[in-house]
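Order of the sequence lines fixes the chain letters, A, B, ..., with proteins taken first and strands second; residue numbering starts at 1 for each chain. None of these values were measured; they are calculated from a predicted model.
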Amino acid sequence: MIEMDAKVLIAKRVAQELKDGDLVNLGIGIPTLVADYIPQNVKVLFQSENGIIGMGPIPEEGLEHPDLTNAGANYVSAIPGAVCFDSAMSFGIIRGGHLDVTVLGGLQIDEEGHLANRMVPGKIIPGMGGAMDLVTGAKRVIIAMTHTSKGEPKIVKNCTLPLTSIRRISLIVTEMAVIEPTQGGLVLKEIAPGLTVEDVLKVTEAKLKISSDLKIMKIEGM
Amino acid sequence: MIEMDAKVLIAKRVAQELKDGDLVNLGIGIPTLVADYIPQNVKVLFQSENGIIGMGPIPEEGLEHPDLTNAGANYVSAIPGAVCFDSAMSFGIIRGGHLDVTVLGGLQIDEEGHLANRMVPGKIIPGMGGAMDLVTGAKRVIIAMTHTSKGEPKIVKNCTLPLTSIRRISLIVTEMAVIEPTQGGLVLKEIAPGLTVEDVLKVTEAKLKISSDLKIMKIEGM
Amino acid sequence: MHVIKVEKAVEMIPDGATIMIGGFLGVGTPRVVIDEMIKQKKFNLTVIGNDTAFPNSGIGKLIVSKLVKKIIVSHIGTNPETQKQMIEKAIDVELVPQGTLVERIRAGGVGLGGVLTPTGIGTVVAEGKQIFKINDAEYLLELPIKADFAIINAKKADCNGNLVYSLTARNFNPIMAMAAETVIAEVDEILPIGTIPPDDIHTPGIFVDYIVRVR
Amino acid sequence: MHVIKVEKAVEMIPDGATIMIGGFLGVGTPRVVIDEMIKQKKFNLTVIGNDTAFPNSGIGKLIVSKLVKKIIVSHIGTNPETQKQMIEKAIDVELVPQGTLVERIRAGGVGLGGVLTPTGIGTVVAEGKQIFKINDAEYLLELPIKADFAIINAKKADCNGNLVYSLTARNFNPIMAMAAETVIAEVDEILPIGTIPPDDIHTPGIFVDYIVRVR
């Protein structure tokens, strides 16, 4: 088996979840990488909450526009047919259920599929930005994150960090597993090539149900 | 004294209330006539609730545009610098207090300065359209109407017709009088040339206080 | 977004559907789709719009054709036929102040549970509604409106479905585009992608499901 | 609308003013006005904006200059200086979800008494707020925000003060333009009246009190 950077593996697997025609919002960090691995036969539109649909890749040097950035204030390009709008429209799209998929990072997810993606209380709380609206409003919420942080499980019984929303997220993709939160709990649907179910359970605090149809993640290049 | 059409007299007197730079919405009927009598040194902008600021007069024949109408679906023109917008913005302007003056017709006004400008209950109620928002939100609400209807007073103790708003309107202009509703009641501020206070009181059901500074309406051409 | 013939577009609409229709006294109302709805006799419609225009224009034509069982509008004053059917109890009329109507539709589209408005306090509009006192001012709670279909009119589209409206024909159209399950836009022309600058587009194409070109 | 030198514009702002400032991480923030505010040392400001950008850009510069006593923003994650002042209790930070923040500002501008949003239900954001159950869904009542000044950035204006924004620099600017007593717009150019078509204008000039041209 070829070794692959955990972040790339996660991004590649998340990219498989996107459907032709989807409107997609990618969060900062691992989610941003997803754009590089969209299957060739799938055309999606990227929305950024600072006010654009049709966001394109980082522009060539010299072609940056000071008024054309993503939600991280990095220069982006606009594909033909792109549209810009104000923040009320942008969050109208998000909260109103018009965004097909949001891919976000996560710090913790509990057994009920609730996400916490803000900083540790008592330390700095940098604020929720647009994450609460994204998790509340998007049709599908996919969390792309490493399975553990410094060896500590991030998929836990109860979040110790403040929740981003009480909406149950749709899917968790880590470098070890694909897990679907359901009304009955977290269901382990796929494990990464070369891993056993035991390997996953060992670093997961939350109870996982093993899908009767458990699969090995299919990742190109592995 | 030269005789003057009651509607023209009302329109001319209302026009004197408009200040340079005002954003003004004119209702259907007598209010529409006001546009013809704006003093030369006063520049106002006309808003129409169907989505325009900078509405101009009826266009010359052949210059009508099917997509450029007023709130009565009549063809209008647009002055240079006009701007068009959707109905949410249009009523945001109105309800949000950004409209300096609305001039509306009226069916009844009570002693507290409440307006009723909708149809008789039990008969047809054609609906409030934008009137409730205009009366609630405009900085100044001026009612331009004939003093009586078929000899019956329209300025009454209590409205028998449904109220448009519980907001006290700013000024009443009729062909007989200018009346200002105040917290202390309706104050007769001006009477038309040739009339006595008695003439006005006779056809006014509501109690009127006579202003200590009562004036004769100054109307060009009279 | 799919470009579609008007016949096919209207075939998707079932009898009894709830439909938002753009326009202000017929200006900015999708005329060709309306005529096809009459041709195909779509019955028992609930229509949400600013008004019922005139008997021979806009939503008024649907009323005259007796296809509408309920309307939610700000006034019916320009259409005697609507008034007649209301008196005969052939049509159910819900009157909503215009500014409230557009905010309720917007709330439906942008995922708000309602808005508080001062408009209607102390009037018949307040009957049966929750009243809130905030900083000494009173407000009515007005609830969102959504629909199965929005039938809107725009001047032009690009091949992504991005829309541009014309002058006062814009009115309710962009707001309704956000608030319905399926959005059908009637447009004069469809331009190549990239020919409408991103800053000039009024309605992002992601809201538009079908486009009917009528020129 | 008056065209005004940046020095005069900033002189109008008193210490302790409540100010909305457009922009998203500094993009679309009026830079020249911000620099002048620092030069004139406007103290004890309450600033409403999406974020505090970076220490060397946008609202961040006001923070670094210790001119701000309170901020209402959706996050401060990109500015360590804001975080430092928050820990030292030198600045009061109210964090609001971004979509809620923009709706609260819009509500202030368009005369709504508040909006109901699902965002924040079941989280710290809900603390101390009224919760409404409508059709089995829960919503928070969020109240309007207004300000003494809105300082916004646009690409171009015409001589009526009509504004056009550029790409993602639009963000909060058009919404804030509606919600403040006095609106100061920093623009690159001022064009003759009539050269911007009515359908291409984003903010009607009636909202704009002063324009500072910076090019």
Side-chain angles (χ1 to χ4, degrees), chain A residues 28 48-55 65-78 82-97 112 114-116 118-119 121-137 159 161-167, chain D residues 22-28 50-54 57-58 73-80 82-84 86-87 93-103 105-106 109 117-126 138 153 155 165-178 202-203:
Chain A
I28 294 168
S48 183
E49 63 264 39
N50 54 324
I52 182 170
I53 288 174
M55 188 169 62
H65 191 295
D67 297 334
L68 187 51
T69 54
N70 64 16
N74 301 305
Y75 293 123
V76 292
S77 55
V83 48
C84 291
F85 35 77
D86 65 39
S87 299
M89 169 65 94
S90 195
F91 281 87
I93 289 167
I94 291 168
R95 193 186 40 237
E112 300 191 53
H114 296 150
L115 169 71
R118 294 162 61 211
M119 278 301 202
K123 287 198 182 180
I124 288 303
I125 301 176
M128 61 294 284
M132 282 190 168
D133 295 286
L134 284 161
V135 176
T136 302
C159 291
L161 305 177
L163 293 187
T164 303
S165 172
I166 52 165
R167 150 102 182 262
Chain D
F24 193 111
L25 292 177
V27 178
N50 181 58
D51 52 69
T52 56
F54 307 98
S57 82
V73 292
S74 77
H75 72 88
I76 57 172
T78 51
N79 194 332
T82 316
Q83 302 177 24
K84 185 167 155 285
M86 187 176 87
I87 292 170
V93 178
E94 180 180 340
L95 293 169
V96 181
Q98 203 168 125
T100 299
L101 182 60
V102 71
E103 282 299 320
I105 296 169
R106 180 179 182 275
T117 177
T119 304
I121 281 286
T123 76
V124 290
V125 171
E138 287 190 323
N153 176 242
K155 183 74 177 171
Y165 306 95
S166 166
L167 300 167
T168 58
R170 193 183 318 184
N171 55 69
F172 278 71
N173 287 297
I175 310 302
M176 290 175 170
M178 303 191 287
H202 298 136
T203 291

Problem - Gap separating the OG1 atom of D/Thr168 from the NE2 atom of A/His65, nearest 0.5 angstrom - result: 9.0 Å
Practice task
Kindly compute the distance separating CG (D/Asn171) from CD1 (A/Ile52), expressed to the nearest 0.5 Å.
Solution key: 12.0 Å
[X] versus [Y], closest heavy-atom pair with distance:
X: A/Ala88; Y: D/Val102; value: N-CG2, 3.6 Å
X: D/Pro174; Y: A/Asp86; value: CG-CB, 3.8 Å
X: A/Met128; Y: D/Val96; value: SD-C, 3.6 Å
X: A/Asp133; Y: D/Gln98; value: OD2-N, 3.6 Å
X: A/Asp67; Y: D/Ser166; value: OD2-OG, 2.9 Å
X: D/Leu25; Y: A/Gly72; value: CD1-C, 3.7 Å

Between [options], which shows the greatest number of heavy-atom pairs under 4.5 Å with chain D?
options: A/Ala78, A/Ser87, A/Cys84, A/Ala73; result: A/Ser87
options: A/Ala71, A/Gly130, A/Ser48, A/Pro66; result: A/Ala71
options: A/Ala131, A/Gly129, A/Gly137; result: A/Gly129

Fill in the blank from the handout: Those residues of residues 89-97 of chain A that come under 4.5 Å of chain D on a heavy-atom basis, listed by number, are A/Phe91, A/Arg95
Practice task
Please state whether the side chain, the backbone, both or neither of A/Thr136 comes within less than 4.5 Å of a heavy atom of chain D.
Solution key: side chain
Problem - Contact check, side chains of A/Ile166 and D/Ile121, non-hydrogen atoms, under 4.5 Å - result: yes
Practice task
Would you mind telling me which of D/Ala53, D/Pro97, D/Gly26, D/Gly122 has the largest number of heavy-atom pairs within less than 4.5 Å of chain A?
Solution key: D/Pro97
Practice task
Identify which part of D/Phe24 has an atom lying under 4.5 Å from any heavy atom of chain A, answering side chain, backbone, both or neither.
Solution key: side chain
Fill in the blank from the handout: So, the part of D/Tyr165 with a heavy atom under 4.5 Å from chain A: the answer is neither
